Amino acid sequence: MNLRSKLPSVGTTIFTVMSKLASDVGAINLSQGFPDFECDPALVDAVARHMREGRNQYAPMQGVPALRQAIAAKYAALYGAVYDPDSEITVTSGGTEAIFDAVAAVVHPGDEVIVFEPCYDSYVPAIDVSGGRAVVISLRYPDYAVPWDEVRAAVTPRTRMIMLNSPHNPTATILGRSDMAELTRIVDGTDIAILSDEVYEHIIFDLARHESLARYEPLRARSFIVGSFGKTFHVTGWKIGCVAAPAALTAEFRKVHQFVTFSANTPIQHALAEFLAQGRGYPELSAFYERKRDLFLGLIAGSRWKPLRSRGTYFQLLDYSAITGEADMDFALRLTKEHGVASIPTSAFLYNAPAPPVLRFCFAKKDETLEAAASRLRDL
Ligand code: GLN
């Protein structure tokens with residue numbers, strides 16, 4: 001059979017590659033972003049209770065009503081944004097499904113989608129599968145600021161979507177108010193939709209304010225805003241995310257979602273609805289991870305690793321130019337095999353720009369894991 005790949009340049013994701021290597025060689029795994037500690041046991045109890053009470057059949061396609069209501073209430077309370085839970089909030093099988101569905105829902109063959117590199121590795125394949133063309137704009141090391149003049153110059157009549165991510169994986173930068181003002185001016189008067197990946201919205205440091213696009217009505221009105229419960233409640237394996245979008249966008253989104261997964265799993269949605277409605281989990285998350293960031297930075301202080309500023313997410317970029325001149329992938333592999341610490345090279349997120357000498361480390365780990373990893377890193 002002559003099979004012509006729709007994604008010829010895609011291999012296995014870097015997260016799978018590095019986590020497997022870490023496990024094969026017994027390295028401390030600071031690569032793939034997931035906590036190595038448990039979630040609130042009461043959340044597990046709540047899921048078990050809903051299972052025992054028989055909530056084990058298909059959830060409504062758009063999500064369990066109580067969870068959609070709790071999500072809408074959170075957008076109203078935190079960002080002053082009004083979403084109708086029935087027609088504007090959808091629960092998905094994780095943020096990645098949400099991103100894929102939103103792109104598939106609006107991108108036609110030949111449409112252009114502006115993305116910023118380093119760029120989460122699912123964005124461009126989602127565009128490619130839909131027959132769109134990714135227009136990649138580089139965020140430049142070490143500040144990774146958005147070059148808005150380049151964005152303005154890249155917009156054409158074929159631009160269908162702009163994809164944003166703040167707090168940003170892998171650079172740990174955040175967008176500010178002036179970015180929102182620039183974006184608003186660029187999309188004004190166009191039919192450009194926005195996908196705003198805000199899965200790390202509750203992990204933001206140094207008292208910064210999360211600039212959700214939901215805060216800005218002209219942006220909110222054209223945006224799919226993606227959220228994630230895995231990051232917020234320390235349960236990345238549960239794969240529950242959500243999308244908030246105006247009714248017309250949500251209607252198109254659900255046409256895709258209903259044929260990708262149909263619905264996300266039922267008992268977990270009920271349990272998350274309870275936690276969210278009670279305001280549990282997310283209010284203390286930034287302080288929780290800020291302490292971990294500072295612990296990790298304190299442990300490697302004085303070493304040859306130079307931290308870039310981590311302003312959000314649970315990732316820390318470390319510059320290794322004082323240690324070696326190796327390319328980031330080569331060094332990440334050697335660091336895992338020879339020194340027992342797995343990380344993520346940012347080249348996995350780059351399309352055009354040369355890879356800078358940095359690696360991404362996940363600090364969503366027990367203190368003792370961070371201590372053990374740091375003591376190995378300090379030896380280099
Ligand atoms: N978001 C996680 C990370 O950046 C990975 C998720 C995945 O492996 N698909 O590490």
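Just so you know, ligand 1 is whichever comes first in the structure, and atom 1 is the first atom listed for that ligand. In this text the structure is predicted, and so the values were computed from the model without any measurement.
- Checked against a 3.5 angstrom limit, the closest N/O atoms of S31 and ligand 1 fall outside it.
- For the pair R280 and F275, the cation-pi test (distance below 6.0 Å, angle within 45°) is passed.
- For the 3.5 Å distance criterion, the side chains of Y141 and D319 qualify, holding a donor opposite an acceptor.
- At a 4.0 Å heavy-atom cut-off, ligand 1 touches F315 through the side chain alone.
- By the 6.0 Å contact criterion, CG on L7 is enclosed, its count of non-hydrogen atoms from other residues, nucleotides or ligands being greater than 12.
- Considering backbone and side-chain atoms alike, G33 places an N or O below 3.5 Å from some N or O of ligand 1.
- The proximity of Y314 to ligand 1, defined as any non-hydrogen pair under 4.0 Å, does not occur for either the backbone or the side chain.
- Minimum interatomic distance between N169 and R360 (heavy atoms only, all atoms of both residues): OD1-NH1, 2.6 Å.
- For atom 4 (O) of ligand 1, the choice among T13, N169, D121 with the nearest heavy atom turns out to be N169.
- When non-hydrogen atoms are compared, ligand 1 lies under 4.0 Å from the side chain of R360 (C-beta onward) but not from its backbone.
- Between E112 and A154 the shortest heavy-atom distance is OE1-O, 4.3 Å.
- Proximity of F349 to ligand 1 is not established, as no heavy-atom distance is less than 4.0 Å.
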Step-by-step side-chain contact (heavy atoms from CB on, under 4.5 Å) determination, L295 to L299: CA-CA 6 Å; L295 171 70; L299 289 164; 3.8 Å; yes
